Engineer: 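Below you will find the structure I want to go over with you.
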Amino acid sequence: MMANKDEPDGDADLALATKPKTKRPPMYKVMLLNDDFTPMEFVVMVLERFFGMNHAQAFEIMLTVHKKGLAVVGVFSHEVAETKVTQVMQAAREHQHPLQCTMERE
Ligand code: TYC
């Protein structure tokens, strides 16, 4: 067999044939939606408890949702995002607030 002078790297053909795949897992935005009834303090509490925000951060994000209609409150793996949504929706239901939390693939 003749050596290929165009490809000093003997792996070049193989690398083209089988692309090394180091795909990151898809990530999901978790969003909070505004409504007219959920108390601001409840939303702040949710952001502190389930999203690890300090009070100032939580208040700021709550105000963003209040003013803009929604905000991304975090980006997580599918499993973690689902857990956050479930936790928020359960807390809202327990307190009979109409707060909505959704997730969307990035
Ligand atoms: N708009 C609500 C109020 O005025 C507060 C609120 C903020 C509700 C954020 C939901 O995701 C929300 N009491």
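Side chains are part of it too, since the values below use all heavy atoms of this structure and drop only hydrogens, waters and symmetry mates. For clarity, every value in this text was computed on a predicted model and none was experimentally measured.
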Engineer: Return the set of residues passing side-chain contact (heavy atoms from CB on, under 4.5 Å) with Gln90 (not counting sequence neighbours), or none when no residue passes.
Structural biologist: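 Counting only residues at least two positions away or on another chain, Gln90 forms a side-chain contact (heavy atoms from CB on, under 4.5 Å) with Arg93, Glu94.
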
Engineer: Suppose we screen for side-chain contact (heavy atoms from CB on, under 4.5 Å). Which residues come up paired with Gln96, at least two apart in sequence or across chains?
Structural biologist: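 Scan of Gln96 (side-chain contact (heavy atoms from CB on, under 4.5 Å), adjacent residues dropped) gives none.
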
Engineer: With the side chain counted from C-beta on, respond yes when Phe59 and Leu47 share a heavy-atom pair under 4.5 Å apart, and no when they do not.
Structural biologist: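 Side chain of Phe59 against side chain of Leu47, heavy atoms only: no contact under 4.5 Å found.
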
Engineer: Rounded to the nearest 0.5 Å, how far does NZ of Lys68 lie from CD1 of Ile61?
Structural biologist: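 Answer rounded to 0.5 Å: 11.5 Å.
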
Engineer: Look up atom CG in Asn34 and atom CG in Asp36, then write down how far apart they are to the nearest 0.5 Å.
Structural biologist: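 So the CG of Asn34 and the CG of Asp36 are separated by 6.5 Å.
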
Engineer: So which pairs with a foot in residues 61-95 pass ring pair (Phe, Tyr, Trp, His ring centres under 6.0 Å), sequence neighbours left out?
Structural biologist: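 Ring pair (Phe, Tyr, Trp, His ring centres under 6.0 Å) check on residues 61-95 returns Tyr28-His78, Phe42-His95.
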
Engineer: Determine whether Val43 and Val65 make a side-chain contact, defined as any pair of heavy atoms from C-beta on separated by less than 4.5 Å.
Structural biologist: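 They are not in side-chain contact.
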
Engineer: When hydrophobic residues are tied together by side-chain contacts of less than 4.5 Å, even through go-betweens, does Met53 share a cluster with Val75?
Structural biologist: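 No.
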
Engineer: Rounded to the nearest 0.5 Å, what's the gap from OG1 on Thr83 to CZ on Phe50? Could you check?
Structural biologist: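 These two atoms lie 11.5 Å from each other.
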
Engineer: With sequence neighbours left out, which residue pairs that include part of residues 39-55 fulfil the side chain to side chain donor-acceptor pair (under 3.5 Å) condition?
Structural biologist: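 Residue pairs passing side chain to side chain donor-acceptor pair (under 3.5 Å), neighbours aside: Glu48-His55.
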
Engineer: Enumerate the residue pairs fulfilling salt bridge (charged side-chain N to carboxylate O under 4.0 Å, His left out) with a member in residues 22-34, sequence neighbours excluded, ordered by first and then second residue.
Structural biologist: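 Passing the test, one end in residues 22-34: Lys29-Glu104.
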
Engineer: Which heavy atom of His97 sits nearest a heavy atom of Pro39, and at what distance?
Structural biologist: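 Taking every non-hydrogen atom into account, CE1-CD, 3.3 Å.
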
Engineer: Show your reasoning for whether side chain to side chain contact (heavy atoms under 4.5 Å, CB included) applies to Asp35 and Leu99.
Structural biologist: CA-CA 7 Å; Asp35 66 73; Leu99 179 64; 4.2 Å; yes

Engineer: Which residue pairs pass the salt bridge (charged side-chain N to carboxylate O under 4.0 Å, His left out) test when at least one of the two sits in residues 55-67, sequence neighbours left out?
Structural biologist: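 For residues 55-67: none.
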
Engineer: Under 4.5 Å between any side-chain heavy atoms of Val30 and Val72, yes or no?
Structural biologist: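 Of all side-chain heavy-atom pairs linking Val72 with Val30, none is under 4.5 Å.
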
Engineer: Over all heavy atoms of both residues, which pair between Val88 and Phe51 is shortest? Give the atoms and the distance, please.
Structural biologist: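 Nearest pair, atom of Val88 first, then Phe51: CG2-CE1, 3.7 Å.
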
Engineer: Which residues satisfy the side-chain contact (heavy atoms from CB on, under 4.5 Å) test with Gln100, sequence neighbours excluded?
Structural biologist: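 By the side-chain contact (heavy atoms from CB on, under 4.5 Å) rule, Gln100 matches Leu33, Met89.
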
Engineer: Side-chain heavy atoms under 4.5 angstrom apart, residues restricted to Ile, Leu, Val, Met, Phe, Trp, Tyr: same cluster for Leu63 and Val46?
Structural biologist: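 Yes, Leu63 connects to Val46 through the hydrophobic network.
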
Engineer: Test of understanding: with side-chain contact (heavy atoms from CB on, under 4.5 Å), list the residues that count as partners of Thr86, not counting sequence neighbours.
Structural biologist: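 None.
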
Engineer: Could you pull out the closest heavy-atom pair between Thr102 and Val85, with the gap in Å?
Structural biologist: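 Of all heavy-atom pairs spanning Thr102 and Val85, the closest is C-CG2, 4.0 Å.
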
Engineer: Answer whether the closest heavy-atom distance between the side chains of Met31 and Val73 falls below 4.5 Å.
Structural biologist: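 The answer is no; the side chains never approach within 4.5 Å.
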
